[in-house]
Protein chains: 2
Amino acid sequence: MPKLTAQRQAILDLINASNRHWDADEVVRALVDAGASIGIATVYRGLAALESQGLIDSIQLADKKRYERADKAHHDHMVCTGCGHIEEFSHDTIEALQEAAAEKKGFKLTGHQLVMFGFCRKCRQELHT
Amino acid sequence: MPKLTAQRQAILDLINASNRHWDADEVVRALVDAGASIGIATVYRGLAALESQGLIDSIQLADKKRYERADKAHHDHMVCTGCGHIEEFSHDTIEALQEAAAEKKGFKLTGHQLVMFGFCRKCRQELHT
DNA sequence: TAGCATAATGATAACTGTTATCATTATCGT
DNA sequence: ACGATAATGATAACAGTTATCATTATGCTA
Ligand SMILES: [Mn+2]
Ligand SMILES: [Mn+2]
Ligand SMILES: [Zn+2]
Ligand SMILES: [Zn+2]
């Protein structure tokens, strides 16, 4: 039952107005640039609070956590190691097979994260140039 | 072309003799406890070198990187959020469908990581007790 | 509406995992 | 054995994140 304060509303609005995957630093910089007064600690706490309420989603990449809108259907991610571009995809069969694999091992699933690495269409071309 | 020094051989032997997923700290503690003289920086560099030569594998979990033997077939992981136990599984169909999903988005895949979270058989029982 | 309990804020310290620095030591080909 | 090259290890530095704590805002309740 965390509060939806002005700061948290600003974070939520920022994320909801985009299709990006934001890290904490990008969020605080965007808000400060937009004239808001907010500290990095508040952003970290706000992001955690919003996520715990299901208002935003997150993915944990190697170095840092990134947040995105929660009003999209579940999906997984492809990260381009060339330019950082993040592509989204969803695959019902993969999801179902994961559930089956967990079942077979006696696991009660609570979540999963599938990240694929590679080169996006654009970076792929630049490779063999 | 990194060298396989005594320290790196010790790291490799330790990992190859087990089925665990080791973090750097566990490795240095195990080696020091076994009488070896090795520093944490050397372990970090050794692990990176061994991985770059394909002699060990790694998975990047939320907080830290964990290393394991490379002489097993490719597999993915289920992590028990109750006790930390890591279960391995492999699923050819999931692998194939990933490749197909990447293709559809124009991605040239170089790798992937699928981690499932949940409760292992043991922790599951303790839950409804 | 004033008073109060409770929670959030923000500056900053602290912490964790990891990489960089640098003087010293080991390794390997000649 | 010599010398170039790479590895080692103690430790500083770094990045992302969480903890601390004094201050401020929020929302009940009387
Ligand atoms: Mn996404
Ligand atoms: Mn494994
Ligand atoms: Zn790209
Ligand atoms: Zn467990």
Side-chain angles (χ1 to χ4, degrees), chain A residues 1-15 20-53 55-68 77 79 81 84 86 113 115, chain B residues 1-15 20-53 55-68 77 79 81 84 86 113 115:
Chain A
M1 50 197 59
K3 290 179 188 172
L4 195 52
T5 62
Q7 286 90 338
R8 293 181 184 176
Q9 187 66 58
I11 297 173
L12 181 56
D13 289 346
L14 176 72
I15 292 178
R20 298 185 37 194
H21 301 80
W22 300 80
D23 66 32
D25 216 59
E26 291 168 344
V27 169
V28 75
R29 214 164 23 240
L31 291 178
V32 167
D33 285 0
S37 166
I38 189 170
I40 183 67
T42 300
V43 168
Y44 273 109
R45 279 179 302 222
L47 289 169
L50 291 169
E51 181 175 27
S52 81
Q53 295 171 92
L55 296 175
I56 57 177
D57 280 341
S58 77
I59 50 175
Q60 172 75 49
L61 298 189
D63 43 346
K64 57 181 71 162
K65 210 169 176 182
R66 291 188 166 272
Y67 294 86
E68 67 176 318
H77 299 90
V79 179
T81 49
I86 299 182
Q113 186 177 281
V115 181
Chain B
M1 51 198 54
K3 292 180 185 170
L4 195 52
T5 61
Q7 287 90 337
R8 293 180 183 177
Q9 188 64 60
I11 297 173
L12 181 56
D13 290 346
L14 176 73
I15 292 177
R20 297 184 38 193
H21 301 80
W22 301 79
D23 65 33
D25 215 60
E26 290 169 345
V27 168
V28 75
R29 213 164 22 240
L31 292 178
V32 167
D33 285 0
S37 167
I38 189 170
I40 184 67
T42 300
V43 168
Y44 274 109
R45 277 179 302 224
L47 289 169
L50 292 169
E51 181 175 27
S52 80
Q53 294 170 93
L55 297 176
I56 57 178
D57 281 341
S58 76
I59 50 175
Q60 171 74 50
L61 297 188
D63 44 345
K64 57 180 71 162
K65 210 168 176 183
R66 291 188 165 273
Y67 295 85
E68 66 176 318
H77 299 91
V79 179
T81 49
I86 298 181
Q113 186 178 281
V115 181

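Letters go in sequence order (proteins before strands), and every chain restarts at 1.
- Proximity of B:Thr42 to the phosphate of D:dG9: a side-chain N or O atom is located under 4.0 Å from OP1 or OP2.
- Per the geometry, CD belonging to B:Glu26 stands 13 Å off C1' belonging to C:dG17, to the nearest Å.
- Listed here is the closest heavy atom pair of A:His77 and A:Ile59: CE1-CG2, 3.3 Å.
- Of the residues in residues 27-41 of chain A, those placing a heavy atom less than 4.0 Å from an atom of DNA chain D are A:Ala41, in numerical order.
- Taking every heavy atom of both residues into account, B:Ala62 and A:Gln60 meet most closely at O-NE2, 3.6 Å.
- Distance CD1 (B:Ile59) to P (C:dG17): 15 Å, rounded to an integer number of Å.
- Set against C:dT9, C:dG17, D:dA7, the side chain of B:Lys64 has C:dG17 as its closest nucleotide.
- A salt bridge does not link B:Lys64 with B:Glu26: every distance from a Lys NZ or Arg NE/NH1/NH2 to an Asp or Glu carboxylate oxygen is 4.0 Å or more.
- Residues satisfying the salt bridge (Lys or Arg N to Asp or Glu O under 4.0 Å) criterion with B:Asp57, sequence neighbours excluded, are absent altogether.
- Listed here is the closest heavy atom pair of A:Arg8 and A:Ala49: NH1-CB, 3.6 Å.
- The CD1-C1' distance, from B:Ile11 to D:dA7, rounds to 11 Å in whole Å.
- Contact between B:Leu47 and B:Ile15 at its shortest, heavy atoms only, is CD2-CD1, 3.8 Å.
- Note on A:Tyr44: a side-chain N or O is less than 4.0 Å away from OP1 or OP2 of D:dT17.
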Between the protein and nucleotides 22-28 of chain C, which nitrogen or oxygen pairs come in under 3.5 angstrom?
none

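- Put simply, CD on A:Glu51 is 12 Å from P on D:dT17, counting in whole angstrom units.
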(message) Apply side-chain hydrogen bond (donor to acceptor under 3.5 Å, both in side chains) to residues A:Thr42 and A:Gln7 and explain how you reach the verdict.
(response) CA-CA 8 Å; A:Thr42 300; A:Gln7 286 90 338; 5.9 Å; no

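- Summarising the geometry, the separation between CG on A:Asp25 and P on D:dT17 is reported as 9 Å, rounded to the nearest angstrom.
- The separation between A:Gln9 atom CD and C:dA7 atom P is 21 Å, rounded to whole Å.
- Between its opening and closing five pairs, the helix from C:dT1-D:dA30 to C:dT30-D:dA1 changes axis direction by 20°, a value rounded to 10 degrees.
- Between A:Gly46 and A:Ile11, the shortest heavy-atom distance links the atoms CA-CD1, 4.1 Å.
- Counting only heavy atoms from C-beta on, A:Lys65 has its side chain closest to D:dT17 among D:dG9, D:dT17, C:dT9.
- If you measure from atom CG of A:Asp23 to atom P of D:dG16, you get 7 Å, rounded to the nearest angstrom.
- Taking the side-chain contact (heavy atoms from CB on, under 4.5 Å) definition, one finds that B:Ser37 meets it with nothing, sequence neighbours left out.
- Qualifying side-chain contact (heavy atoms from CB on, under 4.5 Å) partners for B:Ile40, counting only residues two or more places apart in sequence or in other chains: B:Ala24, B:Asp25, B:Val28, B:Tyr44.
- A sub-4.0 Å separation between OP1 or OP2 of D:dG16 and a side-chain N or O of A:Gln60 is absent.
- If you check every strand for non-hydrogen atoms under 4.0 Å, A:Asp63 touches sugar and phosphate atoms only.
- Following rounding to the nearest Å, B:Leu50 (CG) and D:dT8 (C1') show an atom-to-atom distance of 15 Å.
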